[in-house]
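These notes concern the structure reproduced below.
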There are 2 protein chains.
Amino acid sequence: MVAFAGMAIRDAKKQQTRQALMEAAIDQVAGGRSFASLSLREVTRDAGVVPASFYRHFRDMDALGLALVDETCQQLRRLIRAARSTSVPGDTMLAASVGTFLLFVQTHRAAFQFLTRERHGGSRPVREAIAREVRGFVVDLAVDFARYPHFGKLPREDLEMMASLLVNTVVSALGELLELAADHPDVQGAQARKLTDQLRVIVLGGLAWRPGTRLPAGAGAMPAG
Amino acid sequence: MVAFAGMAIRDAKKQQTRQALMEAAIDQVAGGRSFASLSLREVTRDAGVVPASFYRHFRDMDALGLALVDETCQQLRRLIRAARSTSVPGDTMLAASVGTFLLFVQTHRAAFQFLTRERHGGSRPVREAIAREVRGFVVDLAVDFARYPHFGKLPREDLEMMASLLVNTVVSALGELLELAADHPDVQGAQARKLTDQLRVIVLGGLAWRPGTRLPAGAGAMPAG
DNA sequence: GCACGGTGTGAACACTTGTTCACTCATCTG
DNA sequence: CAGATGAGTGAACAAGTGTTCACACCGTGC
């Protein structure tokens with residue numbers, strides 16, 4: 001039980017069926033089902049395993065859900081971390097970031113479909129876990145903001161408010177994108193351009209922002225709430 | 001069956017249990033359950049009715065879900081329509097709109113919890129119905145935008161892109177707000193201020209926007225995607 | 001090489017589920 | 001008032017559910 005090189009084959013096989021269970025669940029969710037409506041038996045059936053085996057890996061379905069959040073968010077964090085290290089200001093960088101992000105989404109479609117679905121639709125623990133991840137992205141992004149000329153002078157509170165605005169915009173666009181058929185590159189291109197423009201508007205607004213800013217009186221305004 | 005004044009008591013009682021079924025479902029969803037995981041029997045039990053009675057009102061649970069979307073969106077549309085008629089540009093109006101909207105949310109908490117949960121978490125028809133409603137709000141808002149000085153000169157495409165940005169921001173804030181305990185006015189106040197500032201940033205960005213705008217080279221930029 | 005430990009098995013359990021049916025009885029129609 | 005109408009009832013059904021159990025098997029550690 002303590003040995004280092006030991007438990008090789010045994011453990012590998014265990015992780016294999018564990019992965020099969022997680023994939024079975026995530027595929028169902030990506031296929032339109034909500035995680036809460038999945039039955040334990042259904043998941044084991046798709047994973048090619050008998051129901052009783054499930055308990056060797058997870059206490060119950062909630063535990064499976066949390067494991068899925070962990071795994072999918074881990075993938076996402078890897079991308080974000082890579083992107084943060086190569087951050088250079090400018091418009092071309094923004095457009096490029098949107099491009100690589102949307103490409104990443106396409107190659108991890110099921111994972112994002114799961115996160116999008118369960119972000120508000122899931123059980124309380126799952127929702128909290130995802131919210132914690134999103135909050136982490138916001139804080140990190142605010143720190144990155146602080147490194148740039150204008151934004152460096154703003155209080156952390158304002159930076160987080162703008163980072164949250166930006167992250168929420170990306171997440172919203174993500175939700176819309178995932179509803180579209182996977183193989184309509186033209187519609188997806190339009191979505192990408194729309195998201196890029198929205199981020200441009202946010203950054204433009206951020207550049208005009210000072211602590212305590214109020215809108216000009218007559219200029220333009222927002223009619224409905 | 002054709003009579004006009006007829007079917008008074010009969011029909012009233014029917015609508016009454018129909019309403020009981022809808023409320024039972026929406027209360028469960030507001031209480032944390034996802035609609036897809038609700039069982040027909042569970043709903044009828046909470047409504048104080050025998051399972052077989054369900055079929056007098058809805059073909060199946062999906063039909064109930066769609067009816068709930070219809071009803072909740074109808075409430076929301078009433079508020080929006082009222083707000084649109086009293087639209088006056090300016091910063092105080094924006095802050096006031098946020099205030100009345102958040103108050104409205106508190107008095108219709110369960111309905112918004114249902115919409116937020118099922119927007120991405122629900123079945124395909126439900127998701128499509130909600131998406132259609134949101135799309136409608138975006139288009140209306142874009143039309144309202146067009147009435148103001150600077151925005152009137154922008155192409156419809158740009159206006160809808162900004163309206164979508166604004167609506168998504170409100171929806172995101174709504175999602176965060178609903179996760180908070182219902183009786184923490186201080187935290188809710190902070191959320192309201194944050195949302196107001198985010199909308200200000202968007203409007204500021206919109207005022208600086210011209211068709212085909214790109215970000216200035218060195219100024220400030222967005223690091224992560 | 002052998003006994004232990006743990007993953008996967010198949011059967012069994014008590015329960016809940018969606019749907020159907022003949023029925024009652026208050027309400028509407030003529 | 002008498003008969004038709006249809007909302008709500010209670011029982012029944014097959015099917016699916018989560019969970020438990022003794023057991024078979026094979027990789028692991030001595």
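Each chain gets a letter, A, B and so on, in the order its sequence line appears, and its residues count up from 1.
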Handout entry: Nearest-0.5 Å distance that lies between atom CD1 in A:Ile130 and atom CZ in A:Arg119
Key = 8.5 Å
Practice task
Decide yes or no for B:Leu66 and B:Pro125: does some side-chain heavy atom of the first lie under 4.5 Å from some side-chain heavy atom of the second?
Solution key: yes
Practice task
Go through the steps for A:Glu160 and B:Lys194 under the test salt bridge (Lys or Arg N to Asp or Glu O under 4.0 Å), then give the verdict.
Solution key: CA-CA 10 Å; A:Glu160 288 192 4; B:Lys194 178 178 148 190; over 6 Å; no
Problem - Heavy atoms of other groups near B:Gln19 CD, more than 12 under 6.0 Å - result: yes
Handout entry: Stretch residues 9-34 of chain A: residues that reach within less than 4.0 Å of DNA chain D through a heavy atom
Key = A:Ile9, A:Arg10
Practice task
Figure out the CG/C1' separation between A:Asp62 and D:dG18, and round it to whole Å.
Solution key: 13 Å
Fill in the blank from the handout: When rounded to whole Å, the NE2 to C1' distance for the pair A:His57 and D:dG18 reads 17 Å
N/O contacts under 3.5 Å, protein versus nucleotides 17-19 of chain C?
residue, atom, partner, partner atom, Å
C:dT17, OP1, B:Ser39, OG, 2.9
C:dT17, OP2, B:Arg45, NH2, 2.6
C:dG18, OP1, B:Leu40, N, 2.6
C:dG18, OP2, B:Leu40, N, 3.2
C:dG18, OP2, B:Arg41, N, 2.9
C:dG18, N7, B:Arg41, NH1, 2.5
C:dG18, O6, B:Arg41, NH1, 2.9
C:dT19, OP2, B:Tyr55, OH, 2.7
C:dT19, O5', B:Tyr55, OH, 3.2
C:dT19, O4, B:Arg41, NH1, 3.3

Problem - Whether B:Phe145 and B:Phe151 hold their rings parallel, tilted or perpendicular, with breakpoints at 30° and 60° - result: parallel
Problem - Geometric class of the B:His108/B:Phe112 ring pair [parallel <30°, tilted 30-60°, perpendicular >60°] - result: perpendicular
Problem - Spacing between A:Arg56 atom CZ and D:dG27 atom P, to the nearest angstrom - result: 17 Å
Practice task
Inspect the contact between B:Asp197 and B:Arg200 and indicate whether a charged nitrogen and a carboxylate oxygen are less than 4.0 angstrom apart.
Solution key: yes
Handout entry: Heavy-atom neighbours of A:Arg156 CZ exceed 12 at 6.0 Å
Key = no
